[in-house]
Amino acid sequence: MADQLTTDAVSTIFHAEPPVDATVLQPTLQILNIKKIQAAANSMDRYRLIMSDGKHYLQAMLGTQLNNLVETNALTKNGLITLTQYATNVVQGRRLLIVLGATAAPGPADRIGQPTNVDDRTAENTEAKANPVAQQQQAAPQAAPQIQSARKVAAPAARGASNAARGGRAGGAQPSGPLYPIEGLSPYQNKWTIKARVAHKSDIKHYSNQRGEGKLFNVTFMDETGEIRATGFNEAVDNFYEVLQEGKVYFISRARVNIAKKQFSNVNNDYEIMFEQHTEIEPCEDESVPQVKYNFVPIENLASVEKDQTCDVLAVVKEVGELGQITAKNGRPFSKRDITLVDQSQWSVRLTLWGKQAEAFKSEGYPVIAFKGVKVGDFGGRSLSMFSSSSMTYNPDVGEAHSLRGWFDAEGTRVSYNTFNSAGMQGAAGANSIRPDEMKTIGQIKDENIGMSDKQEYFSTKATISFIKSESFSYPACPTCNKKVVEENDGWRCEKCDAVYPKPLHRYILNLSVMDHTGHVWITAFNEAAESLLGKTADELVEMKEADEGAFNNIIHTATGKTFTFSCSAKQDSYNDQMRIRYSVRRASPIDYKLEARALIKLIDEMQI
DNA sequence: CCCCCCCC
């Protein structure tokens, strides 16, 4: 059994100087345990592995790009793992293994041998997790020798091997340390090189505070293991701003790694890079580093993205607003420009550009733009806004962009787009539709006791008018305040306004029975809603009923049997000491067959047949 | 060492 495992691999990985890597040793180990680490908000799950060579075991972190090995059960407890790519990293004087490439194989039913912890200092190191600085100082006496030796990692042999394994260096300048995965960077070592793509580059920002004036810029670097934010101040701006181009790949070395202030950035890394005087950045021709990944949200689905979250949107710029000027809370003026985006979901949304981006924005025709990391707001239901960390890529070379282009050119200019609206925006809303997420059948309205709670509740239902009460459908109202007025000798008196009017304005209180396949219910349509059901004002209908009862009946008859989407409110009240629920129609819209068809398709898709 | 992300 034990011969399946690589003898002494664990202690070699943990202790060898210089550290070994996969060009020297590709060990097969047994997995003793797999633990999911509580993921921070907006970061991926991480797995911690305990791996054994039969004699010793050690802890390792699995690179997130290998999560699928765990999630598909390829890696299991007692199973075997062969490490094909890995890095070690000294943290608090302990060497931490990060697995970057591995293959899995089934293992025996039980643990092989009686391995012991390769790290005999584990017990005393389990304290003080909260404060990395204090922890570092506390660990210093023991850590010092190992940190020292970790710096020596830049030994030519290790470097050459590591570089060869990762595709080689473009040549030129003297490298400053072994090639590290971004995931392996930490403040506890300073000799490293990363090979990374610039996923985003900010504008140059000028600032002035108590300490004086300055300028800075940020970039986000990414490689196959993760991303990290880097900042350059002042001279670093002069040295590197032009060198670093969005989308290109570089070797970066001799920069500082600090603890990131997570609250200021949505880049998924506990650390960040600070460019320094001696920082070296060289372009790299190797394109094997991953491209920026997008996770596009169809505009239609923005309703379900929480306010203040960021997301990626791929859209056509349908309209470009004028450049405007606003004054921010801090009193400073800002340029802004609103543009209107549309996509194949046939929804549109407003996006706001700020500052230089707003001033410089040009759009010829209807460009397709990929927006990365835009902020979702709730103005007008849903809106988008650029952050300084957001990026905008014209006509990106991704499949979705090509199909969007094709679709828009073929039919996108003729589509009437749904727009978000703020009225009652509680999840989703459309100008031409009624909140689709609250569609209920009449059966559901009753089963779920909609309206039985203390506060008013809202729902929409698609139903057919089965009966309209035509005896009393309106009341004489005050033209000023809509309150009921009473006829007197010389006109109509409003108590509230203390005024007499020559004639009242009739307003609807139309009671109707509506039904669907699950039941029927009585609902009340007030003035505007009833007007849209009957196509006449209450005044017109009162007059018609007196003058031509046949025409009046015809109006009622025509409406009966028609189907609408009723946007309703439900509220309890008591009537003759009896509790009942009153359903009021806030709005009645004819069925939007396009939306209806789409909703039905969605329902069919959700069915598990 | 920034860290604001604005308005209607």
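In the text below, chain A, chain B and the rest are named by the order of the sequence lines, each starting its count at 1.
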Participant: Rounded to the nearest Å, what distance is computed from the CE atom of residue Met386(A) to the C1' atom of nucleotide dC6(B)?
Facilitator: 15 Å

Participant: Contact class for Thr352(A) vs. all strands (heavy atom < 4.0 Å): base, sugar-phosphate, or nothing?
Facilitator: base

Participant: Under the side chain to side chain contact (heavy atoms under 4.5 Å, CB included) test against Glu227(A), which residue among Ile182(A), Asn269(A), Asn268(A) passes?
Facilitator: Asn268(A)

Participant: Can you check the Phe379(A) CZ to dC8(B) C1' distance for me, whole Å?
Facilitator: 4 Å

Participant: To the nearest angstrom, how far is Lys329(A) atom NZ from dC5(B) atom C1'?
Facilitator: 10 Å

Participant: Please give, in whole Å, the distance from dC2(B) P to Asn234(A) CG?
Facilitator: 10 Å

Participant: Kindly indicate, with the supporting measurements, whether the criterion side-chain contact (heavy atoms from CB on, under 4.5 Å) is fulfilled by Tyr508(A) and Leu533(A).
Facilitator: CA-CA 11 Å; Tyr508(A) 281 112; Leu533(A) 292 174; over 6 Å; no

Participant: Taking Thr193(A) for its side chain and Phe251(A) for its backbone only, find out whether a donor-acceptor pair lies under 3.5 Å.
Facilitator: no

Participant: Roughly, in whole Å, what's the span from CZ in Arg350(A) to P in dC7(B)?
Facilitator: 11 Å

Participant: Looking at Lys375(A), I'd like to know whether one of its side-chain N or O atoms comes within less than 4.0 Å of OP1 or OP2 on dC6(B).
Facilitator: yes

Participant: Can you tell me if Lys356(A) touches the phosphate of dC5(B), counting only side-chain N or O atoms and a distance under 4.0 Å to OP1 or OP2?
Facilitator: no

Participant: Look at Glu272(A) together with Lys261(A) and state whether they make a salt bridge at an N to O cut-off of under 4.0 Å.
Facilitator: no

Participant: Check this for me: does the side-chain of Ser389(A) come within 3.5 Å of the base of dC5(B) through a donor and an acceptor?
Facilitator: no

Participant: Check whether the side chain of Ser385(A) and the base of dC5(B) form a donor-acceptor pair under 3.5 Å.
Facilitator: no

Participant: Output the single nucleotide from dC2(B), dC1(B), dC4(B) whose closest atom is nearest the side chain of Lys261(A).
Facilitator: dC1(B)

Participant: Could you tell me whether the side-chain ring of Phe233(A) sits stacked on the base of dC1(B), using a centroid cut-off under 5.5 Å and a plane angle under 30°?
Facilitator: yes

Participant: Answer yes or no: does a side-chain N or O of Asn218(A) lie under 4.0 Å from OP1 or OP2 of dC2(B)?
Facilitator: no

Participant: Starting at atom CZ of Phe275(A), determine the distance to atom C1' of dC2(B), rounded to an integer number of angstrom.
Facilitator: 14 Å

Participant: Tell me what Glu272(A) touches on the nucleic acid: a base, only sugar-phosphate, or nothing, going by heavy atoms under 4.0 Å.
Facilitator: base

Participant: Between dC7(B), dC1(B), dC5(B), which nucleotide has the shortest distance from any of its atoms to the side chain of Phe387(A)?
Facilitator: dC5(B)

Participant: Evaluate Leu384(A) against Phe371(A) for side-chain contact (heavy atoms from CB on, under 4.5 Å), listing each step before the verdict.
Facilitator: CA-CA 10 Å; Leu384(A) 298 172; Phe371(A) 294 89; over 6 Å; no

Participant: When the distance from OH of Tyr207(A) to P of dC4(B) is rounded to whole Å, what number comes out?
Facilitator: 14 Å

Participant: Separation of Asp308(A) atom CG from dC6(B) atom P, in whole Å?
Facilitator: 8 Å

Participant: Kindly indicate whether a cation-pi arrangement holds for Lys191(A) with Tyr180(A), taking the cut-offs as under 6.0 Å to the six-membered ring centre and within 45° of the axis.
Facilitator: no

Participant: Side chain of Trp354(A), heavy atoms from C-beta onward: which of dC2(B), dC7(B), dC5(B) has the nearest atom to it?
Facilitator: dC7(B)

Participant: When all nucleic acid strands are considered with a 4.0 Å heavy-atom cut-off, which category describes Asn209(A): base, sugar-phosphate, or nothing?
Facilitator: sugar-phosphate

Participant: What nucleotide among dC1(B), dC4(B), dC7(B) has an atom nearest to a side-chain atom of Phe264(A)?
Facilitator: dC4(B)

